Chemist: 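Next up is a structure, given as structure tokens.
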Protein chains: 6
Amino acid sequence: MFIHNKRLQYTVRVAEPDPVLASYMLEQFGGPDGELAAAMRYFTQGLGDEDPGRKDLLLDIATEELSHLEVIGSIVAMLNKGVKARISEGAMEEAELYMSLNRGGNSHTQAILYGGGPSLTNSAGVPWTAAYIDSRGDPTCDLRSNIAAESRAKIVYERLINVTDDPGVKDALGFLMTREIAHQKSFEKALYAIEDNFPPGKLPGVERYANVYVNTSQGEGDMDGPWNSGEQWERVDDVTSELPVDGGDGLATVGLGDEDGATLAALASRTKSHAGGDPATGVELGAGPGAGKVTGADHGGAEDIDDARTMAQSLTPSR
Amino acid sequence: MFIHNKRLQYTVRVAEPDPVLASYMLEQFGGPDGELAAAMRYFTQGLGDEDPGRKDLLLDIATEELSHLEVIGSIVAMLNKGVKARISEGAMEEAELYMSLNRGGNSHTQAILYGGGPSLTNSAGVPWTAAYIDSRGDPTCDLRSNIAAESRAKIVYERLINVTDDPGVKDALGFLMTREIAHQKSFEKALYAIEDNFPPGKLPGVERYANVYVNTSQGEGDMDGPWNSGEQWERVDDVTSELPVDGGDGLATVGLGDEDGATLAALASRTKSHAGGDPATGVELGAGPGAGKVTGADHGGAEDIDDARTMAQSLTPSR
Amino acid sequence: MFIHNKRLQYTVRVAEPDPVLASYMLEQFGGPDGELAAAMRYFTQGLGDEDPGRKDLLLDIATEELSHLEVIGSIVAMLNKGVKARISEGAMEEAELYMSLNRGGNSHTQAILYGGGPSLTNSAGVPWTAAYIDSRGDPTCDLRSNIAAESRAKIVYERLINVTDDPGVKDALGFLMTREIAHQKSFEKALYAIEDNFPPGKLPGVERYANVYVNTSQGEGDMDGPWNSGEQWERVDDVTSELPVDGGDGLATVGLGDEDGATLAALASRTKSHAGGDPATGVELGAGPGAGKVTGADHGGAEDIDDARTMAQSLTPSR
Amino acid sequence: MFIHNKRLQYTVRVAEPDPVLASYMLEQFGGPDGELAAAMRYFTQGLGDEDPGRKDLLLDIATEELSHLEVIGSIVAMLNKGVKARISEGAMEEAELYMSLNRGGNSHTQAILYGGGPSLTNSAGVPWTAAYIDSRGDPTCDLRSNIAAESRAKIVYERLINVTDDPGVKDALGFLMTREIAHQKSFEKALYAIEDNFPPGKLPGVERYANVYVNTSQGEGDMDGPWNSGEQWERVDDVTSELPVDGGDGLATVGLGDEDGATLAALASRTKSHAGGDPATGVELGAGPGAGKVTGADHGGAEDIDDARTMAQSLTPSR
Amino acid sequence: MFIHNKRLQYTVRVAEPDPVLASYMLEQFGGPDGELAAAMRYFTQGLGDEDPGRKDLLLDIATEELSHLEVIGSIVAMLNKGVKARISEGAMEEAELYMSLNRGGNSHTQAILYGGGPSLTNSAGVPWTAAYIDSRGDPTCDLRSNIAAESRAKIVYERLINVTDDPGVKDALGFLMTREIAHQKSFEKALYAIEDNFPPGKLPGVERYANVYVNTSQGEGDMDGPWNSGEQWERVDDVTSELPVDGGDGLATVGLGDEDGATLAALASRTKSHAGGDPATGVELGAGPGAGKVTGADHGGAEDIDDARTMAQSLTPSR
Amino acid sequence: MFIHNKRLQYTVRVAEPDPVLASYMLEQFGGPDGELAAAMRYFTQGLGDEDPGRKDLLLDIATEELSHLEVIGSIVAMLNKGVKARISEGAMEEAELYMSLNRGGNSHTQAILYGGGPSLTNSAGVPWTAAYIDSRGDPTCDLRSNIAAESRAKIVYERLINVTDDPGVKDALGFLMTREIAHQKSFEKALYAIEDNFPPGKLPGVERYANVYVNTSQGEGDMDGPWNSGEQWERVDDVTSELPVDGGDGLATVGLGDEDGATLAALASRTKSHAGGDPATGVELGAGPGAGKVTGADHGGAEDIDDARTMAQSLTPSR
């Protein structure tokens, strides 16, 4: 069961309201790497885990992330106090209020729709979705996902620190960023406390494909690195001549019963494309008298377009 | 630039159509850990990376994942050939066709809406969303995200292998699963080829919070492990008495100018909650003559409810 | 700050695994009226509220809802224990495992993608979205939204109770359902503790439109009720002859400057529709030799279609 | 069946184009509390309702909301006339046009993607989703949801009125806002015309949990109010010592058959976490020579970060 | 299988970074008519098509669209190079960096969340969704959808060309726009190479409804055109007197068994609306002492509201 | 303004309830090609169009589609009457009700969440989204999108007709399907009533790229057709040797100022990948004692996996 203590885990001291900065901060409230995503990732994993140690860890950190959600949400609430009061009380001339909502970021939606409260959206106003949560019910996957998530959250906090000079906000963000580092370390320990954690799951790979590096992107810029070269790698450069890798015909086939086969043949026949001839088409009907419009004269790229613009602009009287 | 070769990277031999299995396979076509997600994760990273070696790696693997998208999509297309023909040609009695669409998974939507073609949805019919992509433009984060994504993809392939006994499908899935293992190895090499990859980014953490483990989930079941115990951890068990960790007052505050302050006061006064008294409410108006309905008699839990059900069922004559 | 106690608020005793029932239960875990939605609705409101009493109430209930999220999530986890073990360990013949995933609901996705862990989706597998949260930063709106949300959650629990005969699950659901009743009562009290709570906000309505009932849906079935009849209502039945209600011309107009006006005229001219004549169209090109296909003979509705089906079915040899 | 009359329900007179204001107005066109949401909420309820009076009411208001969708959409279309003409005709220098799209709100997307037509998005450009619709098929829930939705719509109109000084727009918004007030009144009447409307549905609550208030958020700031105090409430302050409320052990359990039990034991053993020791982890490999980076020196919070920034900035030559 | 060549299909030469322009360009990277949508539309169709010619065409164009995704993504990456470096290196004073992120469009999210990499979102930051893909598995539908999609993509490129004066960007956009024209022509040819392509599918329409035009929107502004007038159309102006068109009673009915019938009757009775009387409602409780607030005096629309604003503003001391 | 007449446009006579069929029908209620999508596509276009004839057409058809939404929604409501009554009244034994919800399609969510009312979701339970609407504000695009949308709607109705043998449902679906044919014809006429409708918009293409067909998908299966061969096409088969098509270097470049250049260099240096050596990685730490697990022995594909399964299954005692 969860209990709440009215003190924040970290004191929030905001120097003055700034709804644009508030809208940036939403990344860590309702964004993909934000605190709700973190809390829910670990909480869903914790509920399903069979290992008591890992379950304890996951619930500890999930709970702390909820407390961080409260800290970042409180920062947003403070940064929005001014706009919240003004839009609720209608306390400015309309034109002034319009201007004060239009300073940037996604602050206008935060004011009009959410009334200045912290909304579970990212900094663009996109509502949080559980599509961000990648819990899969296998601990060696889930811990790797958590490690990655913590590292992303750390970077986003770093970027937010880089854009504010409010010392109280900076302080609180520094605390939150540091906790992500600590959590990443914990999840790393938990991953390596599982003895045989690679590859995830139980099935081994098929040996002949496990050490092959397929050089599918070719041309100037091909590079060597430990990820494709050295003893453990068999690198394939001549990709197409080895197609398919299994020595088959490289086609997709399915066994169809007689009835399905006949039905499919009927479908194929009914929707057959007649390769010969040159059928008249809708665009030919539609290209109209100005059929030359499809292409301009051929003396470059942007120039043609500029010609068309000039022509276009002559339609507007005052220019 | 991308070029396509009509051979698949791995030959697809499906024994017979099975639209339910097809709908399961969609997890790896249009699901969160599927091949489109993989290709787009690496492709977006590759376009933005400054390091030529990593850029090459990302484009190589992105391109291979597109080829895997083609393999898994071809499996789906083959498994759906029968239903596709039948629903297009109306080649069965209606009741028979209805039954053949209703065998399970999400196969009914695949037939009615997508006509048996491979759809960019997961196995529940949820359309693919770029919210699955977690590229953040920092290589030490992005590589960790890639490592995690490959491990998740490996597990989902393993689960799919576990539910099909079609040898051709199993073979192709085994290939695809193995390539995820190989890719994870490459991304690991690339991560550790960055000299100082932890913590991600440039800002260090704040020392006093970096090694603290906060034991927020308490009670029977508290466990020790390398993630919270040992030399490198300072573990805090008495969480609330140390609140807040910064020694402040644990409140959220903001400096408001006079005008905003007065406006906020007006707002607070206008929406003040009157704590005393016991105002009549809508539910009291609505609880009506059967006010006893709010709660049953108190002799347990499910029993009350069963009583209510019995009462309810007496309304239906034929029972 | 949040703290967690390892005991659940209500003991969960599940008689035996049932992944289909688990997928139904997800409605209250990751569905629109589920516990995450409840917790986040109240939490976001609580962070932004100016009134200390209401803030306390909102945080109390938000915290309790998180505890309910834990209870319902634990029910899901228990109901899925069997499938989780089987798909992870590959512990059945493939065909058997395939069958065990295909028993209904959305249980197949829960197994393949989420590995049997509780996923933040509804019973159809749709990921939770903050679009479900309707906090608007005005307490008289937000409390009404909370009242409505609690009443929806109550009904969904009632439906879940109606479909399970597992006594432990029924008991826990009965507890959760009852708490929604209690919360609704609290929110009602809080709404009526605001002295002047209707209409929400500060601006009054425009008198001449505030008591009008517009009878826009007409014909047999028009009814009288306290919502459109009686002293306080002015009911308008002859809707179109009074159009528009403001006595204007019922058009939409805008003042355009000269330049914009000329540009708009150019646009209108360029995309003008030629009303006269009967231009040849793409579908006429495409109707082909079987132009009679557009319509069948006219002796009813379904019969035509059946004729076409018969014709169609003659394409399939074995019927 | 629906019929349309070309006159608007309310005349729209816009003084001059303003694409930023247009993007704000979208909240009530394609936003969560906008007119499409309203129309669809009532329409879906009306189709399913068993009561002829309520069905009539729901269809009346649904139809009127469609008319309001037309009014607000016409306002948006008028406010965008200028930008629509300019971007279609290419009627300005590129740099000028770029500037004219970049005045704020979400006006740039409205121009580039939607060409100035009214788009079914909210003011942040988020597409409308039926996730906003909370019809549940129970009239006492649905009417409460409608009451709440009308109150939210009223507030959003009020905020829009507060930010425009165009008298024609203000007039039309005043009409639309007032109609929400009238609709809320109708829905209230309809709710209380159901005799026994609380709690919703048929099942009573479990008596022992129906009047309990759980004080889960504790500390300074705990308040009394009619929502948690007084005769009808039993308030629990000592939350954890009463855990769980049912007197059980507060655990989650499930009865597993022998086979599932053994499989689960195998899974638990395979993924066991080794609590002892201190395994080397990936981040230890990655912390590299600059391992001091994990944390700065410990003399505060923001200061450390500023030190790192200073260090960082020395990399940029011109500063 | 896909192969990648490191050269772009078209050289990208960006004069200087411009993150606002970058955010506009995202429409064609991760927007609904962008290159990923195009590639995936054709790719999913190609995998499922039975006709070898059309399959070849679809894969050719799908592959080219992936190459265009690379071109437009490279433009975005170049336009963001400056902001990417600055936010990663913390290379400006915070206030300066804050300003440089707040220049418009959705550039702030691109910097903070995506770190300047090309994100699969549209210009408002909305993540790409496969809901944009309308492949239905019928070639005469799918080709029409492709024709429409190419025409939309052409227009969005035209709008982007209209807002940039960077000659290298203009050039590349001109190329991409032109290819959409060429693709539209190819898809038109493929549609008309199917002999009998209208109406799509196999079932004919019901003759008596196929040539009727229903004039449902009436009043001043009713127009004639080839779409509703002339020999091939039977136009119905008196819509309601012909309701329903099938000569039935225009009602919806269902045959219910005895048990369901009785249960439904019980439901209807339980939730019956009492049409008589005038029940007290929640809003009447809530309108409080200032009940006059519901409506202002009736001397117009906007004026009332302005009165309220004046009153409101008197609450703020400094005005 | 919209008015509603209580008669349906087409009488709905459903023989008996069938919630699975109801869930299929939702495709045309709340699915991507359903009636809400149709109505909203035309309505948003109509509000913005400058041409009075086209505006009239768009509003006529938009209004008719709303009437179709009512017809299909009424079908869904009738098909769900039984389940709605049963789940509301709790009128069956729990196990019976559980079974009756679990018959297939997405009927379980329709019952539990939506209470049997018609929900604005598709047949998989995915909520309707305005991402389905592709109105772009250019009539030659929008009409093409409408033509395509009508053709898709026709096919989905055809598929639904193919799966039901209820004559009343078939009749109503036949009517609805036929109206899509009629609407497609109207939109075709409207498109060709615009004189110069191809290419859409105003800018011509760049001549040298407008008639080129790029054969990017190569190998066995390359086909000729009117879409890539004949007089009007210049087909490029040797794709890579002509890269890039503009004769440039095929790279992406941007001009950076000194400061940004230096910052970018710092970033590149900080995140440089060390190509030499073979760094130890996390997976090497994690592969543990069972390092052989990464790959099985190499004697095929599926066989390895089966070996692993056998091994795995030996863990479960009873097999």
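Order of the sequence lines fixes the chain letters, A, B, ..., with proteins taken first and strands second; residue numbering starts at 1 for each chain. No experiment lies behind these values; they were computed from the predicted model shown.
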Chemist: For B:Lys81, what residues pass the salt bridge (charged side-chain N to carboxylate O under 4.0 Å, His left out) criterion, not counting sequence neighbours?
Modeler: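 Only E:Glu50 meet the salt bridge (charged side-chain N to carboxylate O under 4.0 Å, His left out) criterion with B:Lys81.
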Chemist: If you tally heavy-atom pairs under 4.5 Å against chain A, which of B:Asp56, B:Val12, B:Asp60 wins?
Modeler: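 Heavy-atom pair counts peak at B:Asp60.
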Chemist: Would you please name every residue forming a salt bridge (charged side-chain N to carboxylate O under 4.0 Å, His left out) with A:Asp33, sequence neighbours left out?
Modeler: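 Per chain and number, A:Asp33 pairs via salt bridge (charged side-chain N to carboxylate O under 4.0 Å, His left out) with A:Arg152, B:Arg136.
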Chemist: Is it true that a side-chain atom of B:Lys185 and a backbone atom of A:Ala210 form a donor plus acceptor pair closer than 3.5 Å?
Modeler: yes
Chemist: Is the backbone N or O of A:Asp260 less than 3.5 Å from a side-chain atom of B:Arg86, with the two atoms forming a donor-acceptor pair by type?
Modeler: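 The answer is no, because no donor-acceptor pair under 3.5 Å joins these two groups.
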Chemist: Can B:Thr11 and A:Asp246 be counted as having a side-chain donor-acceptor contact under 3.5 angstrom?
Modeler: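 Indeed, the side chains of B:Thr11 and A:Asp246 share at least one donor-acceptor pair under 3.5 Å.
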Chemist: Between A:Trp233 and B:Lys189, is there a cation-pi geometry (under 6.0 Å to ring centre, at most 45° from the normal)?
Modeler: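 Here B:Lys189 fails the 6.0 Å and 45° test against A:Trp233.
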Chemist: Using a strict cut-off of less than 4.0 Å between a Lys/Arg side-chain nitrogen and an Asp/Glu carboxylate oxygen, indicate whether A:Arg270 and B:Glu89 qualify as a salt bridge.
Modeler: yes
Chemist: Could you tell me if the side chain of A:Gln9 sits less than 4.5 Å from the side chain of B:Val214, heavy atoms only?
Modeler: yes
Chemist: Using only atom types and a distance under 3.5 Å, with no angle test, would you say the side chain of A:Ser217 pairs donor to acceptor with the backbone of B:Leu59?
Modeler: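 Checked: no pair found.
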Chemist: Is A:Trp227 close to B:Glu188 at the side-chain level, that is, under 4.5 Å between some pair of heavy atoms?
Modeler: no
Chemist: Can a donor-acceptor pair be found, under 3.5 Å and without considering hydrogens, that links the side chain of A:Glu158 to the backbone of B:Lys202?
Modeler: yes
Chemist: Please look at A:Asp138 and chain B and tell me whether the side chain, the backbone, both or neither of the residue comes under 4.5 angstrom of a heavy atom of that chain.
Modeler: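 Both the backbone and the side chain of A:Asp138 come within 4.5 Å of chain B.
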Chemist: Below 4.5 Å from any heavy atom of chain B, which atoms of A:Lys55 appear? Answer side chain, backbone, both or neither.
Modeler: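 Contact with chain B: none, neither part.
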Chemist: Is A:Arg159 close to chain B through its backbone or its side chain, or both, or neither, when contacts mean heavy atoms under 4.5 Å?
Modeler: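 For A:Arg159, side-chain heavy atoms alone lie under 4.5 Å from chain B.
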Chemist: Quick one: what part of B:Asp134 sits under 4.5 Å from any heavy atom of chain A, side chain, backbone, both or neither?
Modeler: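 Both parts, backbone and side chain.
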Chemist: What part of A:Thr253 gets within 4.5 angstrom of chain B, counting heavy atoms only: side chain, backbone, both, or neither?
Modeler: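 Looking at A:Thr253, backbone and side chain both touch chain B.
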Chemist: Name the member of A:Pro199, A:Pro32, A:Gly53 that forms the most heavy-atom pairs with chain B at distances under 4.5 Å.
Modeler: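 Option with the top pair count is A:Gly53.
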Chemist: Given that the side chain runs from C-beta out, which part of A:Val239 has a heavy atom under 4.5 Å from chain B: side chain, backbone, both or neither?
Modeler: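 Neither part.
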